[in-house]
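Position 1 is the first residue of the sequence, and the numbers go up from there. Note that ligands are numbered from 1 as they come in the structure, with each ligand's atoms numbered from 1 the same way.
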Amino acid sequence: SENRITRLFGCRYPLVQGGMAWVADASLAAAVSNGGGLGLIAAANMPPDLLEIQLQKVRTLTDRPFGVNIMLMSPTVDQVIDLVAKYRVPIVTTGAGSPGKVIEILKPLGTIIVPVIASVAQAKRVEKQGADAVVAEGMEAGGHIGELTTMVLIPQIADSVEIPVIAAGGIADGRGVAAAFALGAEGVQVGTRFICCEESTVHRAYKEAVINARDRSNVVTGRFTGHPVRCLKNKLTAKFEELEKGGASVEEYERLGAGKLRAAVVDGDVEWGSVMAGQSAALVNAILPAADIIKELFSGAEHVVDSLPGKIFR
Ligand SMILES: O=C(O)COc1ccc(-c2c[nH]c(CNC(=O)Nc3ncc(Sc4ccccn4)s3)n2)cc1
């Protein structure tokens, strides 16, 4: 069966993998696309020549659709847009900022643009600017987050725009997928769950930290900087909280954070690195192939919906 999202992306399942900085590379994106979802390569702050290598590599690993996630706070955003145009990347998501410029340049090329938003105002603005769909991301998500939970954000976004809504934030099993559709979404974005997939090139220690995470193993730091970020608790987050309490400057705070996500993902420094992960980490307990994760998410959702009516609505 299909819906507006499977038709928009040209893939079997209405699922997009989170465009997680340093984590979402060609290997992960291809595995998700080959598994029937939409894989994303994270441009993040990647030097353009590194991104170009990922764009060439993904074409050798899958002939299915894939996308690039453009992080709008990155200083390399202009070169990323040029590369996306040069390689005719079919789909682009954007995060951490206002996608006006991306829409203006890439929409005329026929690129499908799906901004990640975290509020009703942002959703309305990007719809007016020409977005094809939105990813509405609840604050359960990992990394840079907004303020509203998925449970209350999705219905409000679905009521506010005509374009299809993809729910993100806290979705890691069939129950979350079923809930997202009950709330008005026509697709899901899944990030943390795919950190722990076989084809993810993330350091083993990072994957283990996610698997060992429990309900209260994560924390949001940096609200005072205007960029709240959710990570797993460790020595770095304790230091962030100390700086925040001690009235440190935003510059001092951001100096401490520089390069720490790479330290965790690439070097496996889960003590002093930034182990970005969502609250759903507590629901992730196995490293599986991306294709199996996707199948389980949707067969699980099917099962939940089938067994619902008897329990609740009669
Ligand atoms: O001003 C406007 O209208 C747009 O404002 C926005 C504000 C927030 C968002 C938003 C919320 N969530 C997302 C998508 N998720 C993300 O972008 N998650 C991220 N994780 C790590 C990242 S790297 C980074 C970047 C800044 C500070 C610290 N780390 S980006 N975008 C989108 C737009």
Return yes when atom [atom1] of [X] has more than 12 non-hydrogen atoms of other residues, nucleotides or ligands closer than 6.0 Å, and no otherwise.
X: Glu241; atom1: CD; answer: yes
X: Glu252; atom1: CD; answer: yes
X: Lys239; atom1: NZ; answer: no

Margin query: Show me the pairs that pass salt bridge (Lys or Arg N to Asp or Glu O under 4.0 Å) and involve residues 104-114, at least two apart or across chains.
Written below: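 Sorted pair list: Lys107-Asp132.
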Next item on the list: Quick one: sort the Tyr13 and Phe298 rings into parallel, tilted or perpendicular, breaks at 30° and 60°.
Entry: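 The arrangement is parallel - the two ring planes meet at less than 30°.
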Which protein N or O atoms sit under 3.5 Å from any N or O of ligand 1? Give atom names and distances.
from: ligand 1; atom 1: 3 (O); to: Arg125; atom 2: NH1; distance (Å): 2.3
from: ligand 1; atom 1: 3 (O); to: Arg125; atom 2: NH2; distance (Å): 3.3
from: ligand 1; atom 1: 5 (O); to: Gln122; atom 2: NE2; distance (Å): 3.3
from: ligand 1; atom 1: 12 (N); to: Glu137; atom 2: OE1; distance (Å): 2.7
from: ligand 1; atom 1: 12 (N); to: His144; atom 2: O; distance (Å): 3.4
from: ligand 1; atom 1: 15 (N); to: Glu137; atom 2: OE2; distance (Å): 3.3
from: ligand 1; atom 1: 18 (N); to: His144; atom 2: O; distance (Å): 3.4
from: ligand 1; atom 1: 20 (N); to: His144; atom 2: N; distance (Å): 2.9
from: ligand 1; atom 1: 31 (N); to: Ala96; atom 2: N; distance (Å): 2.9

Note to self: Please say yes or no: joined through hydrophobic side-chain contacts below 4.5 Å, possibly via intermediate residues, are Leu83 and Ile103 part of one cluster?
What the structure shows: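 Yes; tracing contacts between hydrophobic side chains, which count when under 4.5 Å, links both residues.
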